[in-house]
Amino acid sequence: MSTNALNILVTGAIWRAEQLEEQGIRSAPLAWAEVSSLEEELARALPASQPEGRIARRGAVRAALKARDVVRAQALAESYLAEKGVPETLQTALRGILEVEARSLSDRFRYAAKHYDLGDARHLARWFQQAGAFGLAA
């Protein structure tokens with residue numbers, strides 16, 4: 001698929017997600033997940049050295065967070081940070097996005113933040129997502 005077509009799809013998906021979110025419709029996170037997937041596809045098509053490639057990478061991570069998929073956002077950010085030739089501005093932006101989310105989680109779940117490390121929580125969330133509910137029985 002061409003980058004022009006992907007840009008059109010991303011724009012439409014963002015509009016839908018914003019409208020659903022604005023109306024308080026519970027499927028808004030699913031719409032943001034679609035945005036994240038489309039942005040990820042766009043990021044694959046464009047190098048991080050191009051402004052559009054950097055925008056797509058930041059957009060994929062932000063949309064994953066809006067989709068309430070912190071594990072996916074973390075994985076995307078890590079993969080983008082591991083790319084060769086990633087500009088320092090993009091590295092800083094991606095780390096900043098994750099730090100803001102971490103602070104937000106700590107503020108929302110103060111008791112848990114006092115007693116548990118966020119890294120441990122992310123590790124457990126990733127493990128639980130991969131193993132599923134029955135992974136606890138293994």
Side-chain angles (χ1 to χ4, degrees):
M1 188 177 299
S2 75
T3 55
N4 286 339
L6 282 170
N7 276 319
I8 291 168
L9 290 173
V10 166
T11 301
I14 290 170
W15 182 84
R16 277 191 308 281
E18 287 174 343
Q19 294 302 309
L20 291 170
E21 194 173 65
E22 193 175 295
Q23 297 300 318
I25 297 174
R26 285 188 272 165
S27 63
L30 293 173
W32 284 113
E34 178 188 6
V35 171
S36 181
S37 293
L38 289 168
E39 291 274 27
E40 180 183 13
E41 197 169 330
L42 196 54
R44 268 187 291 228
L46 298 167
S49 60
Q50 291 182 2
E52 295 87 359
R54 293 189 295 273
I55 291 167
R57 285 162 176 78
R58 287 190 306 265
V61 173
R62 280 191 182 112
L65 291 172
K66 285 185 165 239
R68 300 180 190 149
D69 194 344
V70 177
V71 173
R72 175 176 161 70
Q74 182 76 31
L76 284 170
E78 287 173 7
S79 72
Y80 297 150
L81 290 168
E83 291 177 348
K84 286 187 179 180
V86 175
E88 188 144 343
T89 55
L90 180 58
Q91 293 177 17
T92 302
L94 291 173
R95 288 187 183 113
I97 291 166
L98 294 176
E99 286 174 20
V100 167
E101 179 63 20
R103 281 194 302 271
S104 173
L105 284 173
S106 294
D107 289 345
R108 283 180 32 214
F109 303 104
R110 288 186 183 139
Y111 178 82
K114 282 182 187 177
H115 299 284
Y116 301 99
D117 179 61
L118 186 59
D120 292 340
R122 283 187 178 142
H123 172 75
L124 287 172
R126 189 176 298 126
W127 178 79
F128 188 68
Q129 187 177 37
Q130 291 169 350
F134 296 107
L136 294 173

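Model, not experiment: these values are computed from the prediction. In this chain, residues are counted from 1 in sequence order.
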Go through the steps for Arg72 and Ser36 under the test side-chain hydrogen bond (donor to acceptor under 3.5 Å, both in side chains), then give the verdict.
CA-CA 9 Å; Arg72 175 176 161 70; Ser36 181; 3.2 Å; yes
Heavy atoms only: give me the nearest Met1-Ala5 pair and the separation to one decimal.
CG-CB, 3.7 Å
Starting at OH of Tyr80, measure out to CD of Glu40 and round the result to the nearest 0.5 Å.
4.5 Å
Quick one: pull up CZ in Arg54 and CD in Gln91 and give me the separation to the nearest 0.5 Å.
12.0 Å
What residue among Leu6, Thr3, Val10, Leu46 forms side chain to side chain contact (heavy atoms under 4.5 Å, CB included) with Glu41?
Leu6
Drop me the distance from Ile8's CD1 to Ser2's OG, to the nearest 0.5 angstrom.
7.5 Å
Rounded to the nearest 0.5 Å, how far apart are OG of Ser27 and CD of Glu21?
11.0 Å
Test side-chain hydrogen bond (donor to acceptor under 3.5 Å, both in side chains) on Gln23 and Gln19; report intermediate values, then the result.
CA-CA 6 Å; Gln23 297 300 318; Gln19 294 302 309; 4.9 Å; no
Measure across Leu94 and Arg57 and return the closest heavy-atom pair with its distance rounded to 0.1 Å.
CD2-O, 4.2 Å
Nearest non-hydrogen partners of Leu76 and Ala60, listed with the distance:
CD1-O, 3.7 Å
Within the 4.5 Å heavy-atom criterion, are Gln50 and Pro47 side-chain neighbours or not?
yes
Assess whether a salt bridge exists between Arg62 and Glu39, defined as any Lys/Arg side-chain N lying under 4.0 Å from an Asp/Glu carboxylate O.
no
Is atom CZ of Arg44 surrounded by more than 12 heavy atoms (other residues, nucleotides or ligands) closer than 6.0 Å?
yes
Glu101 vs Ile97, test: side-chain contact (heavy atoms from CB on, under 4.5 Å). Steps then yes/no.
CA-CA 6 Å; Glu101 179 63 20; Ile97 291 166; 5.8 Å; no
Treating Ile, Leu, Val, Met, Phe, Trp and Tyr as nodes and any side-chain heavy-atom pair under 4.5 angstrom as an edge, say whether Val86 and Leu98 lie in one connected cluster.
yes
Could you grab the distance from atom OG1 of Thr11 to atom CG of Leu38, nearest 0.5 Å is fine?
10.0 Å
Report yes or no: do Val61 and Leu81 belong to one cluster of Ile/Leu/Val/Met/Phe/Trp/Tyr joined by side chain heavy-atom distances under 4.5 Å?
yes
Within this structure, what is the CD-CD distance for the pair Gln74 and Glu78, rounded to the nearest 0.5 Å?
4.5 Å
When you group the ILVMFWY residues by side-chain heavy-atom contacts below 4.5 Å and let the links chain together, are Leu9 and Val35 in the same group?
yes
Within the structure provided, determine whether Glu18 and Ile14 are in side-chain contact (heavy-atom separation under 4.5 Å).
yes
